[in-house]
K.L.:
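Below is one structure. I have some questions about it.
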Number of protein chains: 2
Amino acid sequence: MDAKAIKKALGESGLRCTPQRYAVMAFLMAHNSHPTAAEIFEAVNQMDPRSSRATTYNNLRDLVQAGLVREVAAEGRAARFDAKGMRHHHFICDRCGSVEDVEWYDVPRPALRALGKRVLRECELIFRGLCAKCAPRYASR
Amino acid sequence: MDAKAIKKALGESGLRCTPQRYAVMAFLMAHNSHPTAAEIFEAVNQMDPRSSRATTYNNLRDLVQAGLVREVAAEGRAARFDAKGMRHHHFICDRCGSVEDVEWYDVPRPALRALGKRVLRECELIFRGLCAKCAPRYASR
DNA sequence: GTATTTGCAAATCATTTGCATAAAC
DNA sequence: GTTTATGCAAATGATTTGCAAATAC
């Protein structure tokens, strides 16, 4: 379906369309679960055991640099990734570290005032708390 | 000036007021530069070479858990810390990774809707771009 | 006095790198 | 054919942990 689109996007970014790189990109486009690099490696390698951990990491770096993939850093935990599709914000679970999409909402002008000489590239909302799975089991910690 | 306040806050969190822990907390309260754990260790140890790297890390973890310190994760780089004082948002520089405070702005209700069964603890704005120092030198990358 | 914290060095975890081989363009 | 990417294993960087000795309460 978008095999061609992926190839095109990679080409335009000066990246060759190798099976390993394609697989990472396709996987991220098909899953909005914000997987970690390790999870992506597992999944991609299970379908076609031709990739290596290092290559997965290198490809993720390349894709982030090319602007095709977004990296979400969470405290103390491994980074998580998602294909840049429709704009959205993120909800990060305090308990399990999962990252979920939250419907996009334009940050109003007043919030952008105090930026001074800084050059703004993007502005994202990060919600934190307990995800729907963890909320009921709230007890420890 | 707030030596007493620090001691009190630690006590209320069930944390003993050791010189090393106190030093970390006092340093964070006196500097809003969002230092990394390594920077905090350096600074604290320079004034009084009695602490160790491990203890600094452990104390930072304890202070974050106690809710006295906030941890800011940035992609690929070391975590940065700040004492929870006045509420504020963060600006993270794409180039140098520095984290700066941005005046607080209450996120309007509409943005808080799509949260479903999730339990919201906090909501923060993350601005990304080039800091005032890096903006003029924009060239490479 | 007792429970917590420290410091050390070793361990772990996520991620990157060097380099020879293989594949994309 | 040339340039870029791969896979491996080893390196790095950040952070954590085990444990005996020290210290806050």
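All values derive from a computational prediction rather than experimental measurement. Numbered from 1 within each chain, the chains take letters A, B, ... in sequence-line order.
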K.L.:
Hey, does the side chain of B/T56 reach the backbone of B/S52 with a donor-acceptor pair shorter than 3.5 angstrom?
P.N.:
yes
K.L.:
Just how far, in rounded Å, is C1' of D/dT3 from CZ of A/R21?
P.N.:
12 Å
K.L.:
Nearest-Å distance, CG (A/D62) to P (C/dT16)?
P.N.:
10 Å
K.L.:
With respect to the side chain of A/A37, which nucleotide from D/dT15, D/dC8, C/dT15 is positioned closest?
P.N.:
C/dT15
K.L.:
Any idea which of C/dT17, C/dT6, C/dC8 is nearest the A/R61 side chain?
P.N.:
C/dT17
K.L.:
Could you tell me how the ring of B/H34 sits relative to the ring of B/H90: parallel (under 30°), tilted (30 to 60°) or perpendicular (over 60°)?
P.N.:
perpendicular
K.L.:
Rounded to the nearest angstrom, tell me the gap between atom CZ in B/F41 and atom C1' in D/dA14.
P.N.:
14 Å
K.L.:
Grab the CZ-P distance between B/R77 and D/dT15 for me, whole Å please.
P.N.:
13 Å
K.L.:
Judged by each residue's nearest nucleotide on DNA chain D, which is more toward the 5′ side, B/L15 or B/A79?
P.N.:
B/A79
K.L.:
Heavy atoms only, 4.0 Å cut-off, all strands: where does B/S51 land among base, sugar-phosphate and nothing?
P.N.:
sugar-phosphate
K.L.:
A/Y57 side chain N/O closer than 4.0 Å to the phosphate oxygens (OP1, OP2) of C/dT15?
P.N.:
yes
K.L.:
When the distance from CD of A/E39 to C1' of C/dA14 is rounded to whole Å, what number comes out?
P.N.:
13 Å
K.L.:
Restricting both atoms to N or O, compile the protein contacts to nucleotides 20-24 of chain D shorter than 3.5 Å, with distance only.
P.N.:
unit_1	atom_1	unit_2	atom_2	d
D/dA24	N3	B/R16	NH1	3.0

K.L.:
The test is side-chain contact (heavy atoms from CB on, under 4.5 Å); show your working for A/T36 and A/E39 and say whether it passes.
P.N.:
CA-CA 5 Å; A/T36 61; A/E39 286 164 357; 3.3 Å; yes
K.L.:
Sequence neighbours excluded, which residues qualify as side-chain contact (heavy atoms from CB on, under 4.5 Å) partners of A/V69?
P.N.:
A/M25, A/L28, A/L63, A/V64, A/F81
K.L.:
If I take atom CG in residue B/L60 and atom C1' in nucleotide C/dT5, what distance separates them, rounded to the nearest angstrom?
P.N.:
15 Å
K.L.:
When rounded to the nearest 0.5 angstrom, what distance separates CG in B/L125 from NE2 in A/H89?
P.N.:
8.5 Å
K.L.:
Okay, side chain of A/N58, backbone of A/A54: is any donor-acceptor separation there less than 3.5 Å?
P.N.:
yes
K.L.:
Just how far, in rounded Å, is P of D/dT4 from CG of A/L10?
P.N.:
15 Å
K.L.:
To the nearest Å, give me how far apart CD (B/E12) and P (D/dC25) are.
P.N.:
14 Å
K.L.:
Quick check: on DNA chain C, is the nucleotide nearest B/T55 upstream (toward 5') of the one nearest A/T36, or the reverse? Name the residue that is more 5'.
P.N.:
B/T55
K.L.:
What nucleotide among D/dT6, C/dC8, D/dT15 has an atom nearest to a side-chain atom of B/R53?
P.N.:
D/dT15
K.L.:
B/N59 side chain N/O closer than 4.0 Å to the phosphate oxygens (OP1, OP2) of C/dT6?
P.N.:
yes
K.L.:
Check the pair A/D82, A/H88 against side-chain hydrogen bond (donor to acceptor under 3.5 Å, both in side chains), reporting the backbone distance first and the verdict last.
P.N.:
CA-CA 11 Å; A/D82 66 354; A/H88 57 260; 2.9 Å; yes
